[in-house]
Protein chains: 2
Amino acid sequence: MSVTLLEVARRANVHPSTASRALSPVMSREVSEATRLKVLEAAEELGYRPNVVARGLRKGRTGTIGVVINDFQLPYNAAVLRGIEAVLDETGMMPFVTESHEDSARLERALEHLHGRRADAIIVTAVRAADEAAVVKMARLLPIVLAVRTLPNTRLATVAHDDFEGGLLAARHLVALGHRDIVELPGTGDVSSFRQRSAGFHAGLQEAGLEPASVVQPVHRLTVENGHALMRAVLARADRPPTAAFAHNDVMAAGAIDALSDAGLSCPRDISVVGYDDILLADHLAPPLTTVRLPSFHLGQLAAQLARTLLDQPDAPAPRVSLPPELVVRASCAPPPKGRGSSPGVGHGH
Amino acid sequence: MSVTLLEVARRANVHPSTASRALSPVMSREVSEATRLKVLEAAEELGYRPNVVARGLRKGRTGTIGVVINDFQLPYNAAVLRGIEAVLDETGMMPFVTESHEDSARLERALEHLHGRRADAIIVTAVRAADEAAVVKMARLLPIVLAVRTLPNTRLATVAHDDFEGGLLAARHLVALGHRDIVELPGTGDVSSFRQRSAGFHAGLQEAGLEPASVVQPVHRLTVENGHALMRAVLARADRPPTAAFAHNDVMAAGAIDALSDAGLSCPRDISVVGYDDILLADHLAPPLTTVRLPSFHLGQLAAQLARTLLDQPDAPAPRVSLPPELVVRASCAPPPKGRGSSPGVGHGH
DNA sequence: TTGTAGGCGTTATCAA
DNA sequence: TTGATAACGCCTACAA
């Protein structure tokens, strides 16, 4: 098996506890320089790697942060994870990542799993309203940080961004281009971000005295397929199609644009589309996607920093951090076809 | 702190070892039904979660598989991870994922980190030739499975796919369309997959009596930016531009297509582009990308299964699994402009 | 069927 | 400055 501290101690002719001290950055000050070097040399020669599992058992800290994400496949999650990793790296900690697949039972299992492995804290980016009880319960056992999605009724530490503002930006952009028949391709309201995006979007329409051109059933999973299906439903239902659409994420927007092609329509000529997230390659889609940028990497960083803080101050008040969204204008939005909108920039009357 | 087995035992009025047996699926047969139920009930009431860290220390197994990937951001890695997770889930194991960022020092640290945390086995998808010594050394300490990328000179367990065949498919496709001036936008040869893709590509050209139209410096990281830079270099250098390009991954292909637009050229009208991987949204790029599909999810599954097998049979011979690639034809390839190629399908003479 | 005892590798506390 | 000891929580021979 692997080299243990005992073997290092023997080779250096010291007691295991001395070896332990010599190898500990903080305790090594209590050890004579000579023996410290002896131990270090022995450890080096034997290729000693401390057993973090044993250490975790003894110290009650595993140096591990659990992370519950939705789905590795969703591009913005990758950026969140990188942010988390960037911060944890600095202190030799490691993330322990699990997927919940937008499923409450799986999320609960993930939490228990991470607790069972004695993660020091858990970052959850995939929470939905239905998970509140499970998350709050777990929060009594170890620090929990919500990232990206929030639970507004709780007092949990949270790192999110202003989804309301994001929805507002999207709506205003379309209104300013002259659109008056705008639909929303929404995610379900049990996710805080979608609820807020929706609220902001509606507020933006209302400012201009508009209502959604038609309403479709929100979807549970924001996939390419569902984006396609929602847009198909919009086109099938309305007497005449809308001139613009706001999709709750970029992947759905891609699906929606697909559905337009299938119907012989073109984006942005016939229908403009705004996405959300600004995923990698959003600028390489056909057409390059106008979208609201979710500062994923930064959110991940902040979440990890917060988790670390909570470790050392378990009773500190749990902060709520919010970052601003940003509209990224590309080619998927244009003024509406002739005769279908108000003149650009003048759509705000009642 | 958390509920321990001791507390469960006390509440059920049994000895801790009895409680342990009652809760163990395999040992619970040695326990009377009555006490078994008593213990289960006590555990349930207290919300007992076994401490996997302690268990790992005792059993020498942590139920954890380390995974070293390149970069969360690269879309195909997401699929590999999902495959791994899908398999590990069945047995309550968990992946422990780290990034190496195409950096040997980081990869070595990642391996040591995972070993220190006593992962039961490690799956490496990010290996490069320069990492051979570190990986082989680590393989003496715990089972290692190479996935996606291989180390041909070693006897390590491997789950890859046939990159040579993939490169061959790409070249043949372009040749069959009538192209004769074809360039490669390659990754560096220190990664087995890129080396093989390159070899297959050249073999495909050779079949048709062709040579690469021009040669660019392989890149270390296969990013959008590097794809853009390589294509720019190609356009700058050649007397006349090639009519087709084979990029070693989809992300680079996207960058290359960008560079074409910047130069006032169009894909596929002026230059056809073949990518590699078939990432999510590859079919939504502009234009939808013809590419060689890397069976990422399946590779992940097989790697995880292999890792599990190796756990139980540490001395079993290390197999090498290979999956076939598949060419996915979309819109980014077309016959060359008039006067620039052989007639389609007739380019095989010498 | 249940209890006893010992130890997995490490570190904190106490004594020398 | 170093050594001895105990304990973190769990599991498993072995004994009863």
Side-chain angles (χ1 to χ4, degrees), chain A residues 1-40 42-43 46-64 92 115-120 141-142, chain B residues 1-40 42-43 46-64 92 115-120 141-142:
Chain A
M1 276 305 290
S2 289
V3 181
T4 73
L5 187 60
L6 188 65
E7 305 173 50
V8 174
R10 272 208 276 265
R11 177 171 249 254
N13 276 317
V14 295
H15 193 270
S17 58
T18 306
S20 170
R21 277 187 286 254
L23 292 168
S24 153
V26 49
M27 291 306 235
S28 65
R29 337 181 317 96
E30 298 190 2
V31 150
S32 79
E33 189 62 9
T35 54
R36 197 177 70 82
L37 290 176
K38 244 192 333 187
V39 173
L40 254 52
L46 294 175
Y48 170 70
R49 289 281 108 202
N51 184 331
V52 181
V53 175
R55 177 183 290 167
L57 180 60
R58 175 64 234 240
K59 310 232 291 189
R61 284 265 185 107
T62 55
T64 280
H115 170 55
R117 285 199 153 62
R118 292 306 183 267
D120 296 333
L141 296 174
L142 76 176
Chain B
M1 277 305 292
S2 289
V3 181
T4 74
L5 188 60
L6 189 65
E7 306 173 50
V8 174
R10 272 209 275 266
R11 178 171 248 256
N13 276 319
V14 295
H15 192 270
S17 60
T18 305
S20 170
R21 277 188 283 256
L23 292 169
S24 152
V26 50
M27 293 305 247
S28 66
R29 340 183 312 98
E30 298 191 2
V31 145
S32 80
E33 190 62 7
T35 53
R36 197 177 70 84
L37 291 175
K38 248 193 328 189
V39 172
L40 253 52
L46 294 174
Y48 170 71
R49 289 281 107 205
N51 184 330
V52 181
V53 174
R55 177 183 290 169
L57 182 60
R58 170 66 230 242
K59 311 233 291 189
R61 285 265 185 110
T62 55
T64 280
H115 170 55
R117 286 199 152 64
R118 293 303 184 268
D120 296 334
L141 296 173
L142 76 176

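Scope of the values below: all heavy atoms of this structure, side chains included, with no hydrogens, waters or symmetry mates. Just so it is clear: chains get the letters A, B, ... in the order the sequence lines come, proteins before strands, and each one is counted from 1.
- Within the model, atoms CG of Leu5(B) and CZ of Arg49(B) stand 13.0 Å from one another, a figure rounded to the nearest 0.5 Å.
- Residue Pro50(A) is in sugar-phosphate contact alone, with no base atom involved, counting any heavy-atom pair closer than 4.0 Å across all strands shown.
- Between Ser17(A) and dA4(D) there is no side-chain polar atom (N or O) within less than 4.0 angstrom of OP1 or OP2.
- Rounded to a whole Å, the CZ atom of Arg118(A) is 9 Å from the C1' atom of dG9(D).
- Interatomic distance, CG of Leu46(B) versus CZ of Arg10(B), reported as 10.5 Å (0.5 Å rounding).
- The nearest whole Å value for the distance from the CG atom in Leu23(B) to the P atom in dT12(D) is 13 Å.
- Remark: the backbone N or O of Gly63(B) is paired with a side-chain donor or acceptor of Asp120(B) at under 3.5 angstrom.
- Between Met27(B) atom CE and dC14(D) atom P the separation is 12 Å, expressed in whole Å.
- Arg21(A) contributes a side-chain N or O that forms a donor-acceptor pair with the base of dG3(D) under 3.5 Å.
- At whole-Å resolution of the value, CZ in Arg49(B) and P in dC10(D) are 12 Å apart.
- No engagement by Ser24(B) is indicated, since no non-hydrogen atom pair under 4.0 Å with the nucleic acid exists.
- For DNA chain C, the span of nucleotides reached by chain B at under 4.0 Å from its heavy atoms goes, 5' to 3', from dT1(C) to dG9(C).
- Listed nucleotides: dA6(D), dG3(D), dC10(D). Nearest to the side chain of Ala54(B): dC10(D).
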From CA spacing to verdict: side-chain hydrogen bond (donor to acceptor under 3.5 Å, both in side chains), Ser17(B), Ser20(B)
CA-CA 5 Å; Ser17(B) 60; Ser20(B) 170; over 6 Å; no
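- Following rounding to the nearest Å, His15(B) (NE2) and dT12(D) (C1') show an atom-to-atom distance of 12 Å.
- Rounded to whole Å, the distance from CG on Leu6(B) to C1' on dC8(D) is 12 Å.
- The CZ atom of Arg61(B) sits 24 Å away from the P atom of dG9(D) (whole-angstrom rounding).
- Panel note: side chain Arg117(A), backbone Thr64(A); no donor-acceptor pair is recorded below 3.5 Å.
- At a threshold of 4.0 Å, the pair Glu33(A)-Arg36(A) counts as salt-bridged, since one of the basic side-chain nitrogens sits closer than that to a carboxylate oxygen.
- Using a distance-only test at 3.5 Å, with no hydrogens or angles considered, no donor-acceptor pair links the side chain of Ser28(B) to the main chain of Leu23(B).
- Heavy atoms of Leu5(A) sit under 4.0 angstrom from at least one base atom.
- Of the possible polar contacts, one joining the Glu7(A) side chain to the Thr4(A) backbone as a donor-acceptor pair under 3.5 Å is found.
- Here the side chain of Ser24(B) pairs a donor or acceptor atom with the backbone of Met27(B) at under 3.5 angstrom.
- Taking side-chain N and O atoms only, Thr18(A) has a distance below 4.0 Å to OP1 or OP2 of dG3(D).
- A straight line from NZ of Lys59(B) to P of dG9(D) spans 18 Å, rounded to a whole angstrom.
- Within the 4.0 angstrom heavy-atom criterion, base atoms lie near Ser20(A).
- Summary of helix geometry: the two end axes of the helix from dT1(C)-dA16(D) to dA16(C)-dT1(D), each defined by five base pairs via their C1' atoms, are inclined to each other by 40° (rounded to 10°).
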